[in-house]
Amino acid sequence: MDGVQYDNTTRTAKKCSVSINNDALDHFAMQITDSIIANKSLQVSEWDADGWHYTGKYYKVGSTDEFDILMRMERIALYVMTMDAINFCFWPTTKEDVKNCLEYEHLAIALRKAAELDDNNNEVETHGNNTPIRASSTYALSPENLSILTPKQLQDMLTPYLPSDETMHFEIPDISIRCELLNELGLGILEKHNGSALHMIEKAHRSADALVNIILESFPGFRDFVSIDAESESSKWKTVKQQSSTVHFYKRAQIAVADIWAALGRNVSLAKSNDDSQPLRCCEFNDMPSITTFPDYRVPQILRHVGVMKYEDDLAQKVDGLNELEKGCHDEVSIRAGTVVAVDDLVLRVKEKLAIIACNAVGDVSKKDLQTLAHDVSAVTLDWYLWQQGEKLDRQNLLEPHHRVRTTFY
């Protein structure tokens with residue numbers, strides 16, 4: 001995956017309907033740098049700071065047994081993979097002139113509550129020393145259950161946990177498509193990874209980049225790419241991976257890896273020693289900078305809001321008029337590619353500014369602290385920062401509309 005995303009995405013971004021304002025980008029980078037120094041942090045919420053996600057905190061409460069900890073990790077990893085398999089396109093609705101108020105957090109919470117249903121279950125499957133950890137069949141998100149899930153079962157599992165408000169409409173769109181992707185996920189884990197999400201993760205040997213590739217090879221629904229040369233377009237995955245005319249975004253595959261890292265690796269060390277081979281350390285990835293930003297709706301929306309990204313007039317009119325863009329069209333690729341390039345540039349400039357300040361460090365923040373803060377700045381953490389800032393502004397109705405595309409990729 002290395003090189004493919006960066007080279008082709010950058011090349012596409014240079015001849016598209018989106019431009020990057022370098023002065024605005026530098027100004028925004030300075031604002032982010034000042035915020036990092038003032039708060040001694042990038043101010044990114046931890047994995048479950050808002051209580052949206054499944055953490056397994058009620059599963060085998062208080063147990064320090066390694067098997068129980070690994071089983072908790074397995075359940076969390078399955079939750080993450082399930083969430084990111086269906087983490088796309090929340091805004092469509094089957095009702096005319098009615099806004100669908102569904103947001104990411106509503107789906108995340110509904111899945112969390114479904115996952116928690118058997119937290120107090122004491123059923124344990126027998127495992128040998130070399131047998132991968134596998135979730136019990138009582139776990140709603142076990143590979144076995146996902147592989148045979150029906151659209152009605154998925155609807156019945158999640159709908160009771162969506163907000164109940166007579167003045168607002170909450171609907172999970174494209175339920176059949178989402179169910180197909182979950183079937184694919186369950187079957188893929190069963191057939192290719194011995195029924196264990198952790199077994200799949202361990203194959204990456206603590207490499208985020210390797211895990212993205214494993215996900216892409218295992219689950220076709222995560223293969224988020226666009227051919228910019230219709231004549232060379234091919235549906236064969238082996239060919240697609242090698243085409244220079246293909247732009248690879250891999251939004252959901254990358255965000256799944258980032259979420260696994262956030263939930264089980266970033267600030268969480270469950271291992272009892274520094275032995276890198278321990279299964280408990282399998283989510284502590286050592287190459288997170290290889291992951292790009294996750295080009296979806298919200299990040300380009302806030303980059304446009306602060307002036308970093310500028311849309312050509314025709315595209316601006318489409319977006320502001322809430323007109324849907326065609327999946328894979330020039331404008332959509334321009335927005336997504338521009339987002340990746342802009343965030344990469346932001347990361348470089350923020351790091352540069354922190355490095356310059358560190359050389360002249362005085363006052364409350366030491367040179368070592370500034371170096372630590374700079375180390376934490378990556379396309380992933382900056383994406384989280386931008387997304388969280390965008391969510392706040394959106395709830396205050398301070399953002400312009402985001403672009404709209406009916407897609408399963410974001």
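Since the model is a prediction, treat every value here as computed from it, not as a measurement.
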Residues pairing under ring-ring contact (aromatic ring centres under 6.0 Å, His included) where one sits in residues 170-197, two or more places apart or in two chains, turn out to be H106-F170
Residue D165 excluded, over 12 heavy atoms near CG under 6.0 Å | yes
Taking atom NZ of K310 as the centre, report whether more than 12 heavy atoms of other residues, nucleotides or ligands fall under 6.0 Å from it.
-> no
Residues two or more places apart in sequence or in another chain: which of them pass side chain to side chain donor-acceptor pair (under 3.5 Å) with [X]?
| X | value |
| --- | --- |
| D156 | K152 |
| D84 | N87 |
| D23 | none |
| E312 | none |

[X] and [Y]: which non-hydrogen atoms are nearest, and at how many Å?
| X | Y | value |
| --- | --- | --- |
| N145 | S137 | ND2-O, 3.0 Å |
| C179 | P151 | SG-N, 3.4 Å |
| Y311 | V18 | CD2-CG2, 3.7 Å |
| I260 | V80 | CG1-CG1, 3.7 Å |
| A85 | F222 | CA-CZ, 3.7 Å |
| L190 | S147 | CD1-OG, 3.9 Å |

Are the side chains of [Y] and [X] in contact, using a 4.5 Å heavy-atom criterion?
| X | Y | result |
| --- | --- | --- |
| I36 | S41 | no |
| R304 | V319 | yes |
| V44 | Q388 | yes |
| P173 | T94 | no |
| R134 | E144 | yes |
| L107 | L158 | yes |
| L162 | I172 | yes |
| Q254 | T292 | yes |

Run the side-chain contact (heavy atoms from CB on, under 4.5 Å) check on L185 and M81 step by step: do they pass?
-> CA-CA 8 Å; L185 175 66; M81 291 301 300; 3.9 Å; yes
Report the C-alpha distance between L303 and I20 in whole Å, list the side-chain angles of each, state the deciding distance to 0.1 Å, and finish with yes or no for side-chain contact (heavy atoms from CB on, under 4.5 Å).
-> CA-CA 9 Å; L303 290 175; I20 296 173; over 6 Å; no
Excluding sequence neighbours, so at least two apart, what forms side-chain contact (heavy atoms from CB on, under 4.5 Å) with [X]?
| X | answer |
| --- | --- |
| I109 | W52, R112, K113 |
| E217 | W237, K241 |
| N286 | R206 |
| D287 | S207, A208, D209, F285, S290 |

Taking the side chain from [X] and the backbone from [Y], do they hold a donor-acceptor pair closer than 3.5 Å?
| X | Y | answer |
| --- | --- | --- |
| K251 | F409 | no |
| D344 | A379 | no |
| E116 | Y58 | no |
| S35 | Q31 | no |

Checking side-chain contact (heavy atoms from CB on, under 4.5 Å) for the pair Y104/M83: CA distance, chi angles, key distance, verdict?
-> CA-CA 9 Å; Y104 167 85; M83 180 67 228; 3.5 Å; yes
To the nearest 0.5 angstrom, please state how far the [atom1] atom of [X] sits from the [atom2] atom of [Y].
| X | Y | atom1 | atom2 | answer |
| --- | --- | --- | --- | --- |
| L398 | K392 | CG | NZ | 13.0 Å |
| M73 | D68 | CE | CG | 13.0 Å |
| W47 | N267 | CH2 | CG | 13.5 Å |
| H27 | N21 | NE2 | CG | 11.0 Å |
| D296 | I335 | CG | CD1 | 11.5 Å |
| L280 | I69 | CG | CD1 | 6.0 Å |

For the pair Y54 and Y79, name the ring-plane relationship: parallel under 30°, tilted 30 to 60°, perpendicular over 60°.
-> tilted
On the 0 to 90° scale, with breaks at 30° and 60°, tag the Y297-W91 ring pair as parallel, tilted or perpendicular.
->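 Rings of Y297 and W91: perpendicular, as their planes differ by over 60°.
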In sequence, state the C-alpha distance, the side-chain angles, and the governing distance for D26 and K353, and then conclude on salt bridge (charged side-chain N to carboxylate O under 4.0 Å, His left out).
-> CA-CA 10 Å; D26 196 66; K353 292 179 187 302; 3.2 Å; yes
Side chain to side chain donor-acceptor pair (under 3.5 Å): pairs with one or both residues in residues 374-384, sequence neighbours excluded =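 Matches after skipping sequence neighbours: R266-D376, T293-D383, S378-T381.
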Contact list for residues 398-410, test side chain to side chain donor-acceptor pair (under 3.5 Å), sequence neighbours left out = H305-E400, E324-R406, E332-Y410, H403-Y410
Would L111 and I86 satisfy side-chain contact (heavy atoms from CB on, under 4.5 Å), going step by step from the backbone distance to the final call?
-> CA-CA 11 Å; L111 277 173; I86 58 176; 4.1 Å; yes
Side chains of [Y] and [X]: any donor to acceptor distance under 3.5 Å?
| X | Y | answer |
| --- | --- | --- |
| S196 | E74 | yes |
| E171 | T93 | yes |
| N100 | H169 | no |
| N22 | R349 | yes |

Salt bridge check: are K57 and D119 linked by an N-O gap of less than 4.0 Å?
-> no
Cation-aromatic face contact R223/F249, 6.0 Å, 45 degrees | no
Partner of P295 by side-chain contact (heavy atoms from CB on, under 4.5 Å), out of D224, V333, V340 =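 With P295 as partner, side-chain contact (heavy atoms from CB on, under 4.5 Å) holds for just one option, V340.
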Who passes salt bridge (Lys or Arg N to Asp or Glu O under 4.0 Å) against K318, sequence neighbours left out?
->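 With sequence neighbours excluded, K318 shows a salt bridge (Lys or Arg N to Asp or Glu O under 4.0 Å) to D314, D331, given in chain and number order.
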